[in-house]
Trainee: 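Have a look at this one before I ask anything.
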Amino acid sequence: MAPDLKLLELNPPIESHCQHNSIERFDGKQLSYNDFFWHFMNTNWPVILTDVSNNWECRKNWLQYYQGTSNGNRYTATINFNYLKQRIGNRSVPVANCNREYYNSHAKSEMKFYDFLNYWQQKCEREKVENSNVETNTTDILYLKDWHLKAESPDYDFYEVPKHFASDWLNEYLLSNKTDDYRFVYMGPKDTWTPFHADVFGSFSWSTNIMGCKKWLLLPNGEELKLKDHLNNLPFRIDESLLEKKGVQYFTVLQTENEALFVPSGWYHQVWNQSDTISINHNWFNSCNLERIWHNLAAAMQQVINEIEDCRQMDNFNEHCQTMLRATFGLNYLDFIQLIETITERRLHCCTENGNEDNRSALNSDQCSSSSRLAFFNTHTPNDYHIRHDLHCIQQLMKIMLEDPVIFENRTFLYRQCVRLSELISSTLSLSTLN
C-alpha cells in the first residue's frame, strides 16, 4: 500500500438486531468506516458526522473568523469574498432563483461568479442594518448550486472526501473516464432552499456544511407516496404541517457547520438554508445500494416501454427505448453495464496483479493501473475483504440483471456482458471466504 493512502478496513458483518428510530450524531473521527458501512450505508439509514472538515482548505480560507459567540462557538465566521474572488476567478457558475418556479424546479441560469458574490455581499450588508428600510432592486433569491468546481479545477484541493464516503462507484467510474462527475459546491444566502426531491438515480448523497445551518425534512422510503395527488404527482414543496396532515413519517435535522449528513437512497427531502451557507455535496452509490439503483433503472425502463408500447413493431424498438431512458433517467442499460464493468475490472485487477494470467488478459488494459492498489479519490484504498465483498455484490447483481426481460429476451451485448462479468468474478475469487 502506498504510504499516502489510508486503508478502508471492512470486516465481515457481525449479526446485529440494531433498530433505527432516530437520526444520531457521531464524531467523524470516532465512527469507524466498518461501523458506518454496516450500520448506516448497508441499512440505508441517515446519520450526522461531526468535525469532518476541520482541515479542509475551504473551511480555513473561504471564511473569516472573528471573536464572538455564535451558536455556542467562541468565534463568528463570515464569508471571505475577496479570497474567493482571488482564488477561484471570475468564471460562469450555475445559479437557481428560489423565488421562481420553472417546470417543477427553480428557474436556472448562469452568471459570473463575481456578480453572484457581489449580490451576496450586498445582501449581507443590507441585513446588517438594523430595521433597514433600504429598498432592494430585486426580489430574486439566488442560490449557486450543482457547481462542478472540483471538476473545473482538479488541482485545487479545497476539500477531502471523508473516509466514510470514499467507496463511491459513480464518481470512480466517471472520473476514470473523464466524462462527468457528481461532486458539487453549494453557496446560498439565508432563505435559499431546494425543492422536495430524491437524489439522482436514487443514489446516496452526503452534504458537508462549511458554513451555516441547513434545515432538512427527511422522509423514509415509501413515505413520499402519501403525498401524491390524484394525477400521481408529488408536491413541489413541503412543510411540517403538510406532512402531519397526511400522516407522513419524517425527521427534522438541523445541520450546523463542520457537520456532514449522510442521506440514504430513495429518502425524499427538502432543504432550507437557515443562514448564509456553503456546503460540499456528492451523489454516489456502491455495493450497499447497487441493487436499489438497478431496480430504479429497470423501473424507469419499464415506464418508457409502457409509454411507447404501441410502437413495439417499429425497427430498433429496444434501442429507441434506451435512448429515451437515458434522456429521462440520466443513464440507460448500456451506461450502467459499462459502469459496472469498469468497477469490476479495477477490482479484479487488484486480485490478479500477481495471479492468473488468463484472467488478467481478459481485462481491458486501459482499466489497469501500474499499481495493484486501488485508490479512491487518491486518498483511500480498500482492504482485500472490501474488494471481495464488492465483487460478490456485483456477481449477485448479474444474476438479477440476467432475469430482466429486456436483457434475457434479446440476448444481445448486454446479456453477454452480464455473463462475462459473472464468469470472470467466479474464476477469480473463492466466494467461500465471504461466508
Side-chain angles (χ1 to χ4, degrees), residues 1 5-50 52 161-172 202-206 218 220-222 251 260-267 282 284-296 340 343-344 346-348 350-351 373-377 379-401 421-422 425-426 428-435:
M1 181 178 62
L5 292 179
K6 303 167 187 175
L7 188 65
L8 293 180
E9 294 196 51
L10 186 66
N11 301 310
I14 299 173
E15 186 174 352
S16 173
H17 301 286
C18 175
Q19 294 292 322
H20 294 295
N21 53 28
S22 63
I23 299 177
E24 301 175 272
R25 275 181 168 80
F26 289 90
D27 187 327
K29 302 183 190 69
Q30 300 300 319
L31 182 65
S32 72
Y33 175 78
N34 186 73
D35 286 346
F36 174 75
F37 188 99
W38 294 117
H39 294 164
F40 298 103
M41 279 201 296
N42 200 58
T43 61
N44 207 47
W45 193 263
V47 67
I48 302 166
L49 305 180
T50 64
V52 295
V161 176
K163 64 183 180 184
H164 310 86
F165 314 134
S167 178
D168 175 345
W169 295 10
L170 179 59
N171 286 298
E172 179 184 341
S203 61
F204 292 146
S205 69
W206 63 264
L218 291 155
N221 280 337
F251 297 91
L261 175 64
F262 166 64
V263 181
S265 280
W267 281 54
H282 280 206
W284 94 105
F285 56 82
N286 57 30
S287 62
C288 291
N289 62 339
L290 181 61
E291 290 188 17
R292 292 177 184 271
I293 302 299
W294 164 250
H295 287 307
N296 292 339
I340 299 303
I343 297 302
T344 301
R346 284 166 61 87
R347 282 147 184 78
L348 285 175
C350 296
C351 298
R373 297 310 309 178
L374 181 62
F376 298 155
F377 298 106
T379 55
H380 294 86
T381 187
N383 67 356
D384 291 340
Y385 176 81
H386 200 317
I387 292 172
R388 289 174 173 268
H389 176 77
D390 284 355
L391 291 170
H392 174 70
C393 291
I394 292 170
Q395 187 172 51
Q396 294 301 112
L397 178 68
M398 292 303 102
K399 295 177 182 178
I400 295 171
M401 290 180 65
L421 291 178
S422 183
I425 294 172
S426 291
T428 303
L429 297 180
S430 171
L431 296 181
S432 62
T433 59
L434 292 170
N435 295 336

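The shown structure was predicted, so the numbers you read here are calculated from the model rather than taken from an experiment.
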Trainee: Without swapping roles, check the side chain of R373 against the backbone of C350 for a donor-acceptor pair under 3.5 Å.
Mentor: no
Trainee: Can you see which heavy atom on A166 is nearest to which on L8, and at what distance?
Mentor: CB-CD1, 3.9 Å
Trainee: So do L421 and I340 actually touch side chain to side chain, heavy atoms under 4.5 Å?
Mentor: yes
Trainee: Distance-only, no hydrogens or angles: does the S287 side chain make a donor-acceptor pair with backbone N or O of C393 under 3.5 Å?
Mentor: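 Answer holds: no.
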Trainee: Can you tell me how far apart CH2 (W45) and OG (S22) are? Round to the nearest 0.5 Å.
Mentor: 7.5 Å
Trainee: Sequence neighbours left out, what passes ring-ring contact (aromatic ring centres under 6.0 Å, His included) with W38? Give chain and number order.
Mentor: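 H389.
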Trainee: What closest approach, in Å, do L261 and L218 show between heavy atoms, and which atom pair accounts for it?
Mentor: CD2-CD1, 4.3 Å
Trainee: Taking ring-ring contact (aromatic ring centres under 6.0 Å, His included) as the test, write out the residues that go with F377, two or more places apart.
Mentor: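 Per chain and number, F377 pairs via ring-ring contact (aromatic ring centres under 6.0 Å, His included) with H282.
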Trainee: From L374 CG over to T381 OG1, what is the distance, rounded to the nearest 0.5 angstrom?
Mentor: 5.5 Å
Trainee: How close do Y385 and L10 get, heavy atom to heavy atom, and via which atoms?
Mentor: CD2-O, 3.2 Å
Trainee: Would K163 and E9 count as a salt bridge (charged side-chain N to carboxylate O under 4.0 Å, His left out) here? Give the steps.
Mentor: CA-CA 10 Å; K163 64 183 180 184; E9 294 196 51; over 6 Å; no
Trainee: Given side chain to side chain contact (heavy atoms under 4.5 Å, CB included), test D390 with I343 step by step and report yes or no.
Mentor: CA-CA 9 Å; D390 284 355; I343 297 302; 5.7 Å; no
Trainee: Side chains of E24 and I48, heavy atoms from C-beta outward: is any pair under 4.5 Å?
Mentor: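 Contact flag for E24/I48 side chains = no.
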Trainee: Applying side chain to side chain contact (heavy atoms under 4.5 Å, CB included), name anything that partners N296, two or more places apart in sequence or on another chain.
Mentor: F329
Trainee: Can you tell me how far apart CD (Q30) and CG (D35) are? Round to the nearest 0.5 Å.
Mentor: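 These two atoms lie 11.5 Å from each other.
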Trainee: Knowing that exactly one of F165, F40, W206 qualifies, which makes a side chain to side chain contact (heavy atoms under 4.5 Å, CB included) with L49?
Mentor: F165
Trainee: For the side chain of N42 and the backbone of C288, is there at least one donor-acceptor N/O pair under 3.5 Å apart?
Mentor: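 No, the answer is negative, given that no donor and acceptor are paired below the 3.5 Å cut-off.
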Trainee: Quick one, F262 and P264 - any side-chain contact, counting heavy atoms below 4.5 Å?
Mentor: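 A side-chain contact exists here, since the closest heavy-atom pair is under 4.5 Å.
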Trainee: Can you list the steps and then say if S203 with W284 is a side chain to side chain contact (heavy atoms under 4.5 Å, CB included)?
Mentor: CA-CA 6 Å; S203 61; W284 94 105; 6.0 Å; no
Trainee: Of the non-hydrogen atoms in M41 and H164, which two are nearest, and what is the gap between them?
Mentor: CE-O, 4.0 Å
Trainee: For the backbone of N171 and the side chain of D168, can you confirm whether one donor and one acceptor N or O come within less than 3.5 Å of each other?
Mentor: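 It does hold such a pair.
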Trainee: Hey, do the aromatic rings of W169 and F285 have their centres closer than 6.0 Å?
Mentor: no
Trainee: Would you say H392's side chain and I387's backbone share a donor-acceptor pair under 3.5 angstrom?
Mentor: no
Trainee: Under a 3.5 Å distance rule, please check whether N34 uses its side chain to pair with a backbone N or O of N11 as donor and acceptor.
Mentor: yes
Trainee: Would you give the length of the straight line joining atom CD of E172 to atom CZ of F376, rounded to the nearest 0.5 angstrom?
Mentor: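 So the CD of E172 and the CZ of F376 are separated by 5.0 Å.
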Trainee: Where does the angle between the aromatic ring planes of Y33 and H386 fall among parallel (under 30°), tilted (30 to 60°) and perpendicular (over 60°)?
Mentor: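 Taking H386 first and then Y33, their aromatic rings lie parallel (interplane angle under 30°).
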Trainee: Once rounded to the nearest 0.5 Å, what's the spacing between atom NZ of K399 and atom OG of S422?
Mentor: 6.5 Å
Trainee: Give, for atom CZ of R347 and atom OG1 of T428, the distance between the pair rounded to the nearest 0.5 Å.
Mentor: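 If I round to the nearest 0.5 Å, the distance is 14.0 Å.
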Trainee: Any side-chain heavy atom of F26 sitting closer than 4.5 Å to one from F36?
Mentor: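 A side-chain contact is absent here, since even the closest heavy-atom pair is not under 4.5 Å.
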Trainee: Is there a side chain to side chain contact (heavy atoms under 4.5 Å, CB included) between R292 and N221 once you walk through the steps?
Mentor: CA-CA 11 Å; R292 292 177 184 271; N221 280 337; 3.1 Å; yes
Trainee: When you look at I400 and E291, which way does the side chain to side chain contact (heavy atoms under 4.5 Å, CB included) test go after all the steps?
Mentor: CA-CA 9 Å; I400 295 171; E291 290 188 17; 3.4 Å; yes
